[in-house]
Each structure stands twice: as structure tokens, then as C-alpha cells.
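All remarks here apply to the structure that follows.
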Amino acid sequence: MSTIIKCECGKLSNSMNSVNWNRHVNSCKIRISKRNSSDIKSFFIGIEKKKIKLDQQIIEEAHENQDCELLGEPKFCTKDQNVNSDTTFSIETSSIVENQDCELLGEPKFCTKDQNVNSDTTFSIENSSIVENQDCELLGEPKFCTKDQNVNSDTTFSIENSSIVENQDCELLGEPKFCTKDQNVNSDTMFNIETTSIDLSNCDPITFVKKKLSLVEKLALISKGPFQPKKNELPGNNFPQKYGHRFTEDNYWRKLTGDDRVHRNWLSYSISRNRLFCLYCMFFGDKYAQKSWIEDGFQGWNRLGDIGLHEKSSCHINASIIVKLKQNSVAILPSLEGKKREEVAINRDVVNTLVEITQFLGKHSLSFRGHRENWSEANKGNFKDLAELISKWSPSLAIHIEKIKNKGRKEVNFLSWQRQNQLIDSVASCIKLVINKQLSESRFFSVSIDTTFDVSKKEQLAFIIRYVNFEKAIPVINERLLALKESSITSGINLFTMFQEICAENGLNWRRFLVGQSYDGAANMRGEYAGLQALVCAENPAATYTWCYAHRLSLIVVQGSSSSQNAVDLFGNLESLYAFISSSKKRVSWFDNAQKKHYPKQRVHRLKRVETTRWFSLSSALNTAIVTFNAMIDTLIKIQQDEGCADFKSGAKATGLIEYFLSERFILTAFLYTNIFCIVDPLTRILQSINIDLLGTIKSLHLVTDKIKELRTDNAYTELCKKSEIYIEKSDMEFSPLPIHRSRKKKRLPSEQIEDNPITDPKYEFKIKTYFVCLDTIITAINDRFTSKSQNLLKDISLFSTKRLNEVKCTNSALPKDAFNSFCEIYSKFVQLDELKKEYVQFANYFSEFSNIMNLPKNIHNNYSEKVCDKDNMSDVGENTQTDDSDSNDRIVFNNENINLGSLLDLLKLCHISGLKEVFPTLYTALHIATTLPVTSASPERTFSKLKIVKNRLRSTILQGRLENLMLISCENLSINNSDVIDKFASLSSVLSSKLL
């Protein structure tokens, strides 16, 4: 069987016969020899002259140096020996001092303790530190100096805690120089010691294998010199033995012809691995060609001659030349760094301006880009046009734009569409960081989620969080948009999955600190089994679900608007009127001219559409019709006269609308719903506010219910009839009276003994069939829709009202047995029942005193206005005069603003400003949780209003990530640090990082 041989190129002989194999081997040898010779020749072309010049410079400097001596053998100096010294200094603890602006040539020089050598100042080196001399050249063999030796020095410096000072402006040539503790070295100038990010005290080369180091760190390690321990410094006073062979110290030197030898500055020994490494190849060599000397380490002690083979290889020579070139170029690094710092400052100023432009366009929901964005175009888009406008007052931005125009793609462009997206992403990320920081300080939070269709027919999900912000002196409630995601499937389980992903993305611990959730009444949100709220409560029972109060109130209004035939006719005709006039631009013009004629000092109104999904649509449509009633009738008459002859449909439609609106039935029905909307609309606005809490909502609902019940009386109906009669009398138009319906005679059955009494009075009929029916429908709907499973929780929260606190203090009555039971059962992780009850009673006893302190009078003397001394306000001497069942008038002056202490937020403010958190921690936590509980999901609706502006039909193809970032900037007007935005922007690309950091 023939033996398989491997060629130097890696090919095996088993695929060739002997003739072809010999030819292949010879050709490989010739090819390798040519390649090696050409490579070596190329290394030295262009460098030979530079190397000769460098050698001559070294020789001249060596001869001109007068502060050092060329010594062939070691020189030992005894203790306390003085050599040309102006001052005396002390060196302790065996420190090693290296020359800083010198060249070390020759063999060791030894000096004993307390030797003084030409010193002008004093410095101390402690704790085994390595210091390099600054302005001397020690020529000759290594010099060893013992403790307290003094050397020429004009400045003072101290090195402590094993610090290593690198030679800054020198070349280390020849053998190493070692100095012992407390040695002073010749120095004419003072230098600063700056530690690098790596630990230079760890000399083992295995530490730097596969470690990413900067150029400065690599040069610092090379300048320090290789780690070449002596055998007497190792355990056992010798190098470890392997297979009968060991490393020797002689291999630290390269033997030349004529008994000369050269120190191998690249050879470093690893004690931990018992291997040799090449520092030059490790930092600047080909890692794949010399893996054994870079990563694995060399351990062939039986073939130590391979060290010389590596030394002569092309890879090692190439790395050595790179090291020398890098060391020679160190002198120009400071100037290059200064230029880079200046360039970075200019670039950051440019980007800072662009960040301001990004925030301006984002907050105003304006587009960034244009159809054509070339610099030659007149309209380049809002972003570039604003940048060009601001460049007139910003020199740095003007220079940057000019460079882009001249150089094109060769210049880093901060205004390209990619950079615009990165700027938007950076601003949005910083906004999220601010929100997350505020949220982490507050801990407790609640969520509101809703979905809608956008202009591109995609389902968008808005994720809103509600929390109490304690950044400022006075706590405030914040509702922030945290995410806007596309959701093609809106089932409960899919929404729950997205809920978990958003919480994980933003680091929200919802299983512990989520205390509430608020959605609309859709089945996928509100469902008791597969709805989102049920899935969230299954994993976090403390996440109390609240059906949006604003949505519930809107449903009540819609239900009341369709409670009778007169109500249906009213809003149906208002919708027909809107469609009839708005469908023609000529009719709209007639309507505008009629308004200018009848109401010359008022603005022109537009008819509103009646929509059941918009909270104020019914009220707005009715109010517009009443305000512009005369102009509306004139417009219908003009349409009837001008268009009726040619278009019988339009004429008949106008006639029917005129007959309805000029009837007493319309006036009575319109005034009835006007009175209802005057009561309900303020509550609708309150429920859409961010600062509303559950306690304030419950009180407002009670007030609205009481006022609606007041309307359900005969006196209220009589006043309504008088109001309509006065309006009809003042009007110049004729109104048809209420129709009298002829009663149908019913056949009396044999068992019936009483005859029917039909209603013949039209006003009484309107009262029974329209007025009372509408009010009863609304009152019943309020009681039904605002009764939920969390009724017991609401009762516990109502104990924080001013009325209840005053009752506990004045009557000294004990709390109900079940007080706070539901609250503490739900939030048992944060609140203990016994502690809460105890702190509540104690707080109630001192509540009036703290509230009076905050309610300071505007004037000290008694000549203040009577308006301040309202009888329903708390007196300044601490007497509580509140006796009414309603706390709506219980108001105090709080930071020069009138606030209602019946609100949970105001009570939390009182505790926070008064410093009662430490006194009543459990009560404070309970107030914090109760304030965080959501009331409505109006914030997602406001987000959708912004969404229609940001993503309009001209921007319908915007990407989801960009859309989410723009929505964050548009909805959340937060103050962010532009420097943080620039740092985030720079981290998005290596090119940006080099230009901005």
C-alpha cells in the first residue's frame, strides 16, 4: 500500500501518480519561493530610506545626551550616595521607574538605596508603581536602582496603587531598564498619568487574547514591554517541564553572527498557560496565518528553534513594521484628536438643530418629506426647507448643506430620508425613556386600550398608561401614549398577546403593579370569559376593570334621543337638513349669506351631522339649528322657490322641512333636549379630562341625576311651555300649533266596565308621551349602566370624601365594620386592612387643620372681600361649617387655585405637600392606588384624533414604526435633553458614531 503524502499547499498524493505528484511538488516550491521573496521585497521598498534616517537620528541623540552614561556592565551605587542633587526625595515600596522621553540602550545598571542623582524637586512613588522618566536618555545596559535613589528631576509627581505610566515620546531600544522603589528619575517637565481602560498591571499575554483593544491600548502594552519572567521568579525557581523539555531564558534573545544578540521585544511568556505569545502578531498580525502564536500559544519546548522561524516569517515582519510605524506616528495623535473633537462639536451642533426641526414638525403633526427632494427643487419637503431656512442663521448647518451640495454622497449627510427616520426614532426613544422613568418612580399604573381604522384600512391599537407623576412638588395625573400597534385580528386572546408584548417591550411589571384597566363596552374588551379584561384579571386579580364612563354616558344620551316619536323626528329631520343643504355648494352659499344677513356680528356656522358615535354630535347639531334658525328657514324657502319648479323632489323636501321646523312640536322638543344637554354636556367634558378620578366621577353623576330628576316635575314642564310660547311670540314667523289627534273609538268588551278616557289636550299628551318618557329613560339608564360589580370598591373609595372625613371627626363615630374590606381584599399586596383603618381615623381627626393651613386667607385683616368668606368654605380658625350633604361647594385655596378637596387627587396633593407620607404610609398608598384607577378611555380617542391628522390620505403608506414614533412626538409634549437624543442618534450607525462621539 502506497503512503499518502501531503504537499505544502495542503493537497494529498492519493489522487495522483508519482510523475504528476513530483511535478506538483516542484511547482508548489517554486510558487512559494517566488511569493515569499516578492512579499519580503515589498515590505522593505519605501521603508529602507526611512529606517536608515531613523537609525542615524538615534545615534546622534545618543551621543548628544549628557545626562546618561553608556555602561557595559552593571553599576552599583551604595545607600545615601548623592549625585548632583538640588533637592532630596524619597521612594518607597520597590517601584519600577521607566524613562519617558528616552531611549534605553544597553545592559542593566544597579543603584543602591537612598542614592541621590541630580534632582531639582521631590516626588514620591508608592505601592509598586511603574514610572517612566521624562527627559533623559539612558544609553547602555539596563540600570537597576535600589530604594530611595534620587535622579535629576525638576517637577513633582506621585504614583500610587500599582499605576503604570507609559513612555509618551520615546522609543525603547535595547534591553529593559528596571529601577527599585522610591527612585527619582531625571525630569524637566511635569507629566500627567492617565490610566487606560485595561489593566496594564496584568502582564500575562493570555489576558489580551481575543480582546478588542483600541490603538492607544495596544501601543501602551507594547511600550510597556513583553512579559519575560526569570526562572528564579517562578514557582520552583524554574520553568515548568513538559515531556522532558522546558523553556530557557536564553530564548528571550536572538543570537546573531559574531556573538551579538538582539532582545526579542515581541516575545511574551504566559505563566498561567506555560506558552509563548507574539505581541506584535497578536495586535497587528494576521490572526489566521499565525494562530499558534496569537490564540493558542507556542509550547514546543523540544523545538525551540521554531521561534527563529516565526521571527523570520513574512507575517511577523509585516506586524513588526506596522508597530514601528504606529509608534513613530504617535506624536501627531494629539493634533488629530483636537481636530476630531472640533469636527464632532460642529457635527453635534448641526444635529442639534435638526433635532429641534424634528420635534417642531412632529409636535405639529406636519409631514417631513416632499414629492421631490433634490436640492434644485423649489419645494424639497418641510424638513429640508426648514433646515435651509435656519441655515441662514446657523453657520455650521450652512456649511454642512453646502458640503452636501458640492460633494454629494461622498459627504456624510444628516438630512437624508434615512437620517430623518433615525432622528424621529431617537426623539421617540428619548420620550419613552422619560415616560418609563416617571413610571418607575410612581410604580402603580393602569392601562386604557382601544382600536380604530386608519385611512389605509388598518386596525390601529392605542396603548395608554395612567399614573401619578411625582417629579414636581405637586403630584399630577398623567395619561401617556406608550405604543401604537397594528392589529389585524382584534379577538380577546390576540389583544391580550399584544398587551403582554407591549408590557415586555417597555419593561412594565403588569402582574404586580397594574391596578386598573379601562376599555369600551365591546365584547372583545368587556367580555366576562374571553374578553381582554377577563384574561388580564385571570393573571392579576388586582387589575380592576372599569367600563369607560364616557362611553356609557354617550349610550345613555343616544338611548334618550330615541325614546319617543317626537325625539326621533327631531334628530331625524336635523340629519335630513344637514344632508339636504350640504349636498349642494349653491345651497351652502345661500345658507352663509342668510347668516350674514340675520347675524352680521356673529361668525358663520356650519350645520352639524347627527352621529350616534360622537359624544357631542346630538348637542352640536341641535344648538346650531337653534342659533341659525331664521337663516335656516330663509334658505329652505329660497330652495323651495328657486329649485322647486325645476326639481320637484327638492321642492317637496324643502316644503316638508319647513313645515316641521315651523311647528310648536319642534320648539317644545328642541327646548326639552336643550335643557338635558345643558346638564349632561358638562359631565361629558369632565369625564374626558385626565385629572378626573373615581370619587369625583361618582359625585358628578349624583349631581347630574339629581338635576335631571328636578326636571321631572309639573312645574318644570310648565316653565318649558312658557319658554316656547315666548320664543314663538318674539319670532316673525308663524308656527303651527301642536296637532290634535282624533281618538279612535274602541269597542268595549263585555267584561269591561270603565270606558277609556282619551287624551284630547295636545300639551298634556306631549307631557305624557314625550317629556316624562325621555326623562324616565335617562334616569333608568343611568341607574342601570353605572351599577357594576365594583360597586363595593366605589363605596370604599367614597370614604375619602371630605364629607365622610368630617363626619368621622365631628361625630367620633366608628367606621362601618366592612369599611375598606373590598379595597384591601383587591389590593392586599400593598395595603393592610387594620393599618388603613387606624391611619384613616387618625388622619380624619387632623384633616381640617392641614386643610386650613393650605387655605390661608388672601388678606390678614378683616377688610377682604366677602367672596372669599363664602359660608360653604372652611373657616380660617379651624371650625368646619360644612353641613350640606353635597361636598361640591367644599373648596379651598390651594396654590392660588380653587380645587375641590372631594377629589382623590386633591387629597393626595394635601398629603404629599404636608409630608404625611411618612406619618400615614398605608393611607398614602391607598390614595395613590385609588387616584391611579382609570375612569374613562378618552385618551385613546384623543390619540385617534391625532392619528387622522398624522396619517392622512397623502401619507397613507407611512410605515408602522415611523407612524408610532411620530404619534409619540405629536401626542406627548415632553421636555427631553437634546444631548441624549444626539447620543441615541449616534448609536444607530457606526458612521454616525465616528462623527458625533
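Between the Ser620 side chain and the Ser617 main chain, no donor and acceptor come within less than 3.5 Å of each other. Remark: side-chain polar atoms of Thr546 are not paired, donor with acceptor, to backbone N or O of Cys548 under 3.5 angstrom. Remark: side-chain polar atoms of Asn379 are not paired, donor with acceptor, to backbone N or O of Gly370 under 3.5 angstrom. Side-chain atoms of Tyr673 come within 3.5 Å of backbone N or O of Gly560 as a donor-acceptor pair. In this structure, the side chain of Gln595 does not engage the main chain of Asp592 through any donor-acceptor pair within 3.5 Å. A distance-only check finds a donor-acceptor pair linking the side chain of Arg552 to the backbone of Trp547 [under 3.5 Å]. With His605 contributing its side chain and Arg603 its backbone, the two residues share a donor-acceptor pair below 3.5 Å.
Residues Glu479 and Ser939 bring a donor and an acceptor atom of their side chains to less than 3.5 Å of each other. For His400 and Ser391, the side-chain atoms include no donor-acceptor pair closer than 3.5 Å. With hydrogens and angles left out, the side-chain atoms of Thr931 and Asp693 include no donor and acceptor closer than 3.5 Å. For the residue pair Gln438 and Tyr467, a side-chain donor N or O sits within less than 3.5 Å of a side-chain acceptor on the partner. No hydrogens or angles considered: a donor-acceptor pair under 3.5 Å links the side chains of Asn623 and Ser619. Side chains of Ser970 and Lys363: no donor on one and acceptor on the other come within 3.5 Å. Side chain to side chain, Glu441 and Asn469 fail the donor-acceptor criterion of an N or O pair below 3.5 Å. Arg419 and Gln422 are linked by a side-chain donor-acceptor pair at a separation below 3.5 angstrom, with hydrogens and angles left out of the test. Under 3.5 Å, the side chains of Gln460 and Gln960 contain a donor-acceptor pair of N or O atoms. Judged by distance alone, the side chains of Ser456 and Asp454 do bring a donor and an acceptor atom under 3.5 Å apart. Side-chain atoms of Asp520 and Ser937 include no donor-acceptor pair closer than 3.5 Å.
For Phe616 and Phe677, the distance between ring centers is not under 6.0 angstrom. For Tyr519 and Tyr545, the ring centers are positioned less than 6.0 Å apart.
In this structure, Arg785 forms no cation-pi arrangement with Tyr549, as its terminal cationic atom is not both closer than 6.0 Å to the ring centre and no more than 45° off the ring axis. For Arg466 and Phe445, the positive end is not near the middle of the six-membered ring at less than 6.0 Å and at most 45° from its axis.
Comment: Glu964 engages Lys432 in a salt bridge, judged by a side-chain N to carboxylate O separation of less than 4.0 angstrom. Salt-bridge annotation for Arg348 and Glu343: absent, with no side-chain N of the basic residue lying under 4.0 Å from a carboxylate O of the acidic one. Using a 4.0 Å cut-off between charged nitrogen and carboxylate oxygen, Lys380 and Glu373 do not count as a salt-bridge pair.
Contact annotation: the side chain of Ser446 never approaches that of Leu933 to less than 4.5 Å [non-hydrogen atoms, C-beta and beyond]. Contact annotation: the side chain of Val627 approaches that of Gln602 to within less than 4.5 Å [non-hydrogen atoms, C-beta and beyond]. Counting only heavy atoms from C-beta outward, the side chains of Phe944 and Asp450 approach each other to under 4.5 Å. Residues Thr936 and His551 form no side-chain contact, since every pair of their non-hydrogen atoms from C-beta on lies 4.5 Å or further apart.
For Lys405, the NZ atom counts as densely surrounded, since its 6.0 Å shell holds more than 12 non-hydrogen atoms of other residues, nucleotides or ligands. Heavy-atom contacts from other residues, nucleotides or ligands closer than 6.0 Å to CD of Glu342 number 12 or fewer. For Lys340, the NZ atom counts as densely surrounded, since its 6.0 Å shell holds more than 12 non-hydrogen atoms of other residues, nucleotides or ligands. Other residues, nucleotides and ligands contribute only 12 or fewer heavy atoms inside 6.0 Å of the NZ atom of Lys984.
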| task | Go through Val427 and Asn965 one step at a time and tell me if the side-chain contact (heavy atoms from CB on, under 4.5 Å) criterion holds. | result | CA-CA 8 Å; Val427 173; Asn965 293 332; over 6 Å; no
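A distance of 4.0 Å separates CD1 in Ile556 from CZ in Phe786, rounded to the nearest 0.5 Å. Interatomic distance, Asn952 CG to Ser367 OG, rounded to the nearest 0.5 Å: 8.0 Å. Here the CD1 atom belonging to Ile474 is positioned 11.5 Å from the CG atom belonging to Leu908, to the nearest 0.5 angstrom.
In this structure, Phe470 and His912 have tilted ring planes: the angle between them lies in the 30° to 60° band. Classified by interplanar angle (parallel below 30°, tilted 30° to 60°, perpendicular above 60°), the ring pair Phe499/Phe496 is parallel.
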